[in-house]
Amino acid sequence: MSSNIPLKRALISVYDKSGLVELATGLAQSGVEIVSTGSTARTIADAGVAVTRVEDVTGFPECLDGRVKTLHPKIHAGILADTRLPEHLEQLRELDVKKFELVVVNLYPFTDTVASGASEDECIEQIDIGGPSMVRAAAKNHPSVAVVVSPSDYGDVVDNARVGFSLEQRKAFAAKAFRHTADYDVAVASYMTNVVAPETVDGGAVTFPSWMGGTWTREAVLRYGENPHQGAALYVGGSKAGLAQAQQLHGKEMSYNNYTDGDAAWRAAYDFNEPAVAIIKHANPCGIAIGKDVAQAHRKAHACDPVSAYGGVIAANREVSLEMAEQVSEIFTEVIIAPSYADGALAVLQRKKNIRVLLAEPPVLTTEIKQITGGLLLQQSDAIDAPGDDPDNWTLASGESADEATLADLEFAWRACRAVKSNAILLASRGASVGVGMGQVNRVDSAQLAVTRAGDRVLGSVAASDAFFPFPDGPQILIDAGVKAIVSPGGSIRDKEVIAAAAEAGVTMYFTGTRHFFH
């Protein structure tokens, strides 16, 4: 026995009028009676399609500036009646209520209103009441009613108006409808919690509220996760700026590791105001550099560690020039990310069949979420924006004040070090990393690794450490190798010993008072 329920009567109330006339016309041509509200009814009527206004069904006028239109038993009983139950059908007859087989609703644009910077009253006014009530009622009663919340489904509605939808189709529509209202409810609850009635402690707003909500939509199913035996998918949230929303212009589909490395590279490139390029592999920099343009920055970043850069991910914080594209095309690269591509640059990159070319908006850093077993950790994003990130606030701990060029290299090294996994030591010269020691469980090994990777380039370079040196042995490795200046947070109980080692060697050392652990 077919579970299809032909459409005889439809309730339509939409804010987004996209496709509305075509929907109403198609339904009317299939003999469906249309009941509608306010501006939706006017749009349908203006198109020459027969429509019954809600107030003619309820016998009660719209009131309170349209706040009350559909909240009436004549409407909700028609939506909620379970037509599988004879007693429900009998009650409809007794109450003179006609049932609906289709409900088409989309909601007031609350999130768009908030994003526009509208006043609190204007935002509150965009909290839809009747719409979610109808959507939830119809979705709950999916055995008897089809509910549609997206104009993208209107074509299916028109095509199936005469035969109706199967139970499985109505279930799918209902699930989509509940997701729609869930997104809406989370947006409203977040606004009310964080803006309208923020929590306070001793008169000051709390940074992290007692409740946090969010919704994500699957954007893509990936080939696999970090390893081939792991499944994976990409989900996106409400933000429009980020790697997850990047437009892929060329190449193979993105992988899980491409996304994680790409995000690290994208953030690293935007740690700088100057034209910058970051090359990342396994979430660590193979090279980072700034230059007069991105082509020069790329050459300098690649020179840091050409072996590791093979198969890496490249990000630039400026438009990729034709010159840079030519350079990249000569190197096996998994992904390149930029805010734009100059004329001809994309064509050059497309010579390589598999390179993934992404166009992305600059990252917007606010908070970060990390999942742990049984919960989530939430923190403010680590950006180069703390007082200690400004060289004007650094404390000269030993040696003479750095000259302009050396200080510029120290600032570059300090910024670049943020993108290196802890324990992190980064050596730099002339606006480019020359040796990176990353991810070691002690700072001595990281210092030694950075020196080894730098080779002869260590002579006259500067060093940055993401955290304090607990002993003088780490800086001693750098000093013995030929580093001329060091910047670190300071703050160790053995700072005097660390300073003494630098002072004895005549090495300039600055303390920032700010740490940049990265795990």
Self-check item: 4.5 Å side-chain heavy-atom contact, I355 and F332
Solution: no
Practice problem: Check the surroundings of atom CZ in R318: do more than 12 heavy atoms from other residues, nucleotides or ligands lie under 6.0 Å from it? | Solution: yes
Quiz item: Taking the side chain as C-beta and beyond, is there a heavy-atom pair between I44 and I34 under 4.5 Å?
Solution: yes
Quiz item: Pick one: which of V104, V49, V14 meets side-chain contact (heavy atoms from CB on, under 4.5 Å) with L20?
Solution: V14
Quiz prompt | Q327 (side chain) donor-acceptor with I331 (main chain) under 3.5 angstrom | solution = no
Quiz item: Crowded around H250 NE2? As in, over 12 foreign heavy atoms under 6.0 Å?
Solution: yes
Exercise. Given ring pair (Phe, Tyr, Trp, His ring centres under 6.0 Å), test F110 with Y191 step by step and report yes or no.
Key: CA-CA 10 Å; F110 176 78; Y191 179 77; 5.5 Å; yes
Quiz item: Taking the six-membered ring where the residue is Trp, are the ring centres of F517 and H519 under 6.0 Å apart?
Solution: yes
Quiz item: What are the two closest non-hydrogen atoms of S39 and K17, and how far apart are they?
Solution: OG-NZ, 3.1 Å
Quiz item: Under 3.5 Å, is there a donor-acceptor pair between the side chain of N106 and the main chain of D16?
Solution: yes
Quiz item: If you round to the nearest 0.5 Å, how far is CE of M438 from CG of L449?
Solution: 6.0 Å
Exercise. Test T113 against E125 for side chain to side chain contact (heavy atoms under 4.5 Å, CB included), laying out the working first.
Key: CA-CA 10 Å; T113 303; E125 193 58 35; over 6 Å; no
Quiz item: Any donor and acceptor pair, going by atom type alone, linking the side chain of T333 with main-chain N or O of V335 inside 3.5 Å?
Solution: no
Practice problem: Please check if any side-chain donor atom of D183 sits under 3.5 Å from a side-chain acceptor atom of T215, or the reverse. | Solution: yes
Practice problem: Grab the two heavy atoms, one from F178 and one from A139, that are nearest each other, plus how far apart they are. | Solution: CE1-CB, 3.3 Å
Quiz item: Does atom CG of D343 have more than 12 heavy-atom neighbours from other groups under 6.0 Å away?
Solution: no
Practice problem: Indicate yes or no: at least one non-hydrogen side-chain atom of Y154 is less than 4.5 angstrom from one of V148. | Solution: yes
Quiz item: Hey, is the main chain of E361 close enough, under 3.5 Å, to the side chain of W266 for a donor-acceptor pair?
Solution: yes
Quiz item: Does the gap between the ring centers of F173 and F165 come in under 6.0 Å?
Solution: yes
Quiz item: Going by an N to O cut-off under 4.0 Å, is there a salt bridge joining E330 and R351?
Solution: no
Quiz item: Pick from H516, R515, R267: which one makes a side-chain hydrogen bond (donor to acceptor under 3.5 Å, both in side chains) with D382?
Solution: H516
Self-check item: Note, M212 side chain near L378 side chain (heavy atom, < 4.5 Å)
Solution: yes
Self-check item: Any donor-acceptor pair under 3.5 Å from Q350 side chain to V348 backbone
Solution: no
Self-check item: Side chain S36, main chain I12, donor-acceptor under 3.5 Å
Solution: yes
Exercise. Indicate yes or no: at least one non-hydrogen side-chain atom of Y224 is less than 4.5 angstrom from one of Q230.
Key: no
Practice problem: Please answer whether the main-chain N or O of V313 pairs with a side-chain N or O of D261 as donor and acceptor at a distance below 3.5 Å. | Solution: no
Quiz item: For the atom pair CG (L426) and SG (C304), what is the distance rounded to the nearest 0.5 Å?
Solution: 7.0 Å
Quiz prompt | CZ-NZ distance between R356 and K352, expressed to the nearest 0.5 angstrom | solution = 14.0 Å
Quiz item: Would one find more than 12 heavy atoms of other residues, nucleotides or ligands at under 6.0 Å from atom NZ of K140?
Solution: no
Quiz item: Counting N and O atoms only, with roles assigned by atom type, does the side chain of N317 sit under 3.5 Å from a partner on the main chain of A269, one being a donor and the other an acceptor?
Solution: yes
Quiz item: Taking C-beta and beyond as the side chain, do I288 and V277 meet within less than 4.5 Å on heavy atoms?
Solution: no
Practice problem: Given side chain to side chain donor-acceptor pair (under 3.5 Å), test S119 with E122 step by step and report yes or no. | Solution: CA-CA 5 Å; S119 69; E122 290 172 316; 3.1 Å; yes
Quiz item: Between F272 and F412, does the ring centroid distance fall short of 6.0 Å?
Solution: yes
Quiz prompt | Taking every non-hydrogen atom, the tightest pair across A383 and L365 | solution = CB-CD1, 4.3 Å
Practice problem: Let me see the working for V157 and L23 under side chain to side chain contact (heavy atoms under 4.5 Å, CB included), right down to the final yes or no. | Solution: CA-CA 8 Å; V157 173; L23 171 67; 3.8 Å; yes
Quiz prompt | Salt-bridge present (R418, D271; N to O < 4.0 Å) | solution = yes
Quiz prompt | Heavy-atom pair of closest approach, residues A47 and V21 | solution = CB-CG1, 3.6 Å
Self-check item: Cationic N near anionic O, under 4.0 Å, R223 to E253
Solution: no
Quiz item: Do the non-hydrogen side-chain atoms of V320 and I336 ever get within less than 4.5 Å of each other?
Solution: yes
Quiz item: Between OG of S255 and CD of E226, what distance do you get to the nearest 0.5 Å?
Solution: 10.5 Å
Self-check item: More than 12 heavy atoms of other groups within 6.0 Å of Y15 OH
Solution: no
Quiz item: Given D466 and S422, is the side chain to side chain donor-acceptor pair (under 3.5 Å) satisfied, shown in steps?
Solution: CA-CA 7 Å; D466 65 334; S422 302; 2.5 Å; yes
Exercise. Quick one: do M324 and E319 satisfy side chain to side chain contact (heavy atoms under 4.5 Å, CB included)? Show the steps, please.
Key: CA-CA 10 Å; M324 179 179 171; E319 180 174 86; over 6 Å; no
Practice problem: Taking all non-hydrogen atoms of both residues into account, name the closest pair between G262 and L243 and its distance. | Solution: C-CD2, 3.4 Å
Quiz prompt | Gap between atom NZ of K281 and atom OG of S308 - 0.5 Å precision | solution = 6.0 Å
Self-check item: Backbone of H142 reached by a side-chain donor or acceptor of R170 within 3.5 Å
Solution: yes
Quiz prompt | Shortest non-hydrogen contact between V163 and N4, atoms and distance | solution = O-CB, 3.3 Å
Quiz prompt | Any W211 side-chain heavy atom under 4.5 Å of S190 side chain | solution = yes
Quiz item: Taking atom types as modelled and ignoring hydrogens, do the side chains of S150 and S152 form a donor-acceptor contact shorter than 3.5 angstrom?
Solution: yes
Quiz item: Are the side chain of N423 and the backbone N or O of S446 linked by a donor-acceptor pair below 3.5 Å?
Solution: no
Practice problem: Show your working on side chain to side chain contact (heavy atoms under 4.5 Å, CB included) between Q296 and E323 and close with a plain yes or no. | Solution: CA-CA 9 Å; Q296 183 190 53; E323 183 182 6; over 6 Å; no
Quiz prompt | Euclidean distance, I75 CD1 relative to S133 OG, rounded to 0.5 Å | solution = 12.5 Å
